[in-house]
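Here is the structure we will look at, set down as structure tokens.
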Number of protein chains: 2
Amino acid sequence: MNYSSQLLEKAVTEINRLPGIGSKTALRLALHLLRQDEGKVDALANSIVKMRREVRYCNTCYNICDGECCEICSNPLRDKSIVCVVENIQDVMAIENTMQYRGLYHVLGGVISPMDGIGPSDLQIESLVERVRQGGVAEVILALSPTMEGDTTNYYIFRKLEETGVKVTVIARGVAQNDELQYTDEVTLGRALAGRIPFNNS
Amino acid sequence: MNYSSQLLEKAVTEINRLPGIGSKTALRLALHLLRQDEGKVDALANSIVKMRREVRYCNTCYNICDGECCEICSNPLRDKSIVCVVENIQDVMAIENTMQYRGLYHVLGGVISPMDGIGPSDLQIESLVERVRQGGVAEVILALSPTMEGDTTNYYIFRKLEETGVKVTVIARGVAQNDELQYTDEVTLGRALAGRIPFNNS
């Protein structure tokens with residue numbers, strides 16, 4: 001591709017490095033930026049540089065935050081006796097968006113996946129056990145994705161926490177809202193049947 | 001959406017302003033950048049800021065370039081007697097990629113589109129006429145998109161150039177390579193028939 005300008009070419013190359021952004025989209029975005037005011041382009045560039053340099057991870061739950069301790073851990077209205085274990089920051093956002101949870105989190109930073117070379121020591125599992133050991137936690141909710149890796153990690157954490165005597169629960173697995181039963185896979189349907197609850201509790 | 005970090009939120013908001021990038025993609029890209037080395041994030045930010053500040057437009061053809069005159073106009077091997085009129089920079093790249101054209105370009109910066117409030121004075125039409133008037137141009141090739149706006153612009157330029165006596169041609173319209181004839185629209189097929197050429201010239 002002949003870009004006529006090495007400055008444009010360099011920008012396209014850099015944008016193209018982003019995941020899911022191909023060379024055509026990168027060119028489209030670069031040409032869009034070229035048509036914007038300098039101030040807008042500066043604002044975009046500054047926001048990503050500032051974010052990368054200044055974002056911190058919470059000392060307690062490893063969620064991202066702007067200071068030492070995240071907004072959730074430092075919120076006095078949250079129930080500090082419940083800790084919900086999630087894979088990553090997006091999962092914290094997803095659960096926060098339900099407005100159904102008032103406890104704290106523990107962000108593992110991934111799940112155990114030998115295929116990708118990720119073992120327990122690469123994740124915030126030891127810090128979770130230590131956190132529970134220090135007391136004040138009555139329940140640990142495992143909220144990992146229902147995949148093989150998620151299930152393995154759930155089981156690993158469950159075994160690690162056994163000695164502490166803390167109550168360990170796992171989020172319900174069943175048929176998703178508005179899913180058609182006939183198109184639901186058999187594992188999900190089987191688990192939904194096995195995990196049935198009294199109708200007046202639902 | 002609760003981003004836990006205002007720095008992250010600001011970056012997501014800025015990335016989200018880009019065309020075709022929704023809030024979920026913006027979050028995915030921001031979190032990707034958060035996992036990269038500072039140097040890589042700086043390289044991306046610098047490349048777009050530098051591009052926006054330093055890219056210039058060629059004094060002759062209005063293609064982008066890094067100096068006063070673009071690589072194409074300043075290339076002594078290009079045929080300066082042929083000028084190909086295109087809508088934008090991407091069209092220059094598309095034609096350059098064919099490796100079939102050795103003349104120069106004239107980038108209009110758009111096409112006449114009263115619906116979008118773009119009139120002839122918003123485009124580089126006057127500068128094209130002036131360029132032809134100064135002599136040395138034997139042929140002007142109109143290579144705008146075969147849309148209503150493109151056709152209108154073609155006709156407007158043709159009328160403007162009539163007085164100069166320059167030869168004005170338009171790129172061929174017909175059935176695209178590998179298109180199936182039965183699925184080709186009637187206007188295209190009609191023009192392809194009307195514009196038929198001797199087989200031994202094809």
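By convention in this document, chain letters (A, B, ...) are assigned in the order of the sequence lines, proteins followed by strands, and residues within each chain are numbered from 1. Since the model is a prediction, treat every value here as computed from it, not as a measurement. Side-chain atoms are counted along with the backbone in the values below, which use heavy atoms only and exclude waters and symmetry mates.
Annotation: maximal heavy-atom pairing with chain A below 4.5 Å, among B/Arg56, B/Arg53, B/Lys50, B/Gln90, occurs at B/Arg53. By number of non-hydrogen pairs under 4.5 angstrom with chain B, the leading residue of A/Ala30, A/Gly67, A/Cys70 is A/Ala30. Ranked by non-hydrogen atom pairs under 4.5 Å with chain A, the options B/Glu38, B/Glu71, B/His32, B/Gln36 are led by B/Glu38.
When heavy atoms are compared at a cutoff of 4.5 Å, B/Tyr57 approaches chain A solely by way of its side chain, counted from C-beta outward. Residue contact with chain A, scored on non-hydrogen atoms closer than 4.5 Å, involves the side chain of B/Glu96 exclusively. Interface remark: B/Asp37 contributes backbone atoms only to the contact with chain A (heavy atom separation under 4.5 Å).
Listed here is the closest heavy atom pair of B/Met51 and A/Leu7: CB-O, 3.9 Å. Minimum heavy-atom separation, B/Arg52 to A/Val41: CG-CG2, 3.8 Å. Residues B/Glu14 and A/Lys40 come closest through the heavy atom pair OE1-O, 4.3 Å.
Open room surrounds NZ on B/Lys167; 12 or fewer heavy atoms of other groups in view lie less than 6.0 Å from it. Under a cut-off of 6.0 angstrom, the local environment of CD in A/Glu130 is crowded, with over 12 non-hydrogen atoms contributed by other residues, nucleotides or ligands. Other residues, nucleotides and ligands contribute only 12 or fewer heavy atoms inside 6.0 Å of the NZ atom of A/Lys24. A/Glu54 CD: more than 12 foreign heavy atoms inside a 6.0 Å radius.
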>> Between A/Leu18 and B/Leu33, does the side chain to side chain contact (heavy atoms under 4.5 Å, CB included) criterion hold? Intermediate values first, please.
In response: CA-CA 8 Å; A/Leu18 294 170; B/Leu33 289 171; 3.8 Å; yes
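To the nearest 0.5 Å, atom CD1 of residue B/Ile48 and atom CG of residue A/Leu29 are 10.0 Å apart. Remark: B/Glu9 CD to A/Ile64 CD1 distance equals 10.0 Å, nearest 0.5 Å. To the nearest 0.5 Å, the span separating CG on A/Leu8 from SG on B/Cys65 amounts to 11.5 Å. To the nearest 0.5 Å, the span separating CE on A/Met93 from CG on B/Leu31 amounts to 5.5 Å. In this structure, A/Arg17 CZ and B/Leu44 CG are separated by 9.5 Å, a value rounded to the nearest 0.5 Å. Taken from OG in A/Ser5 to CG in B/Asn63, the straight-line distance is 9.0 Å, to the nearest 0.5 Å.
Using modelled atom types, no side-chain atom of A/Arg28 and backbone atom of B/Gly20 make a donor-acceptor pair closer than 3.5 Å.
Put simply, the side chain of B/Ile21 reaches to within 4.5 Å of the side chain of A/Ile21, judged on heavy atoms.
Ionic pairing of B/Lys10 and A/Asp66 is not present here: no N-O contact between side-chain nitrogen and carboxylate oxygen is shorter than 4.0 angstrom.
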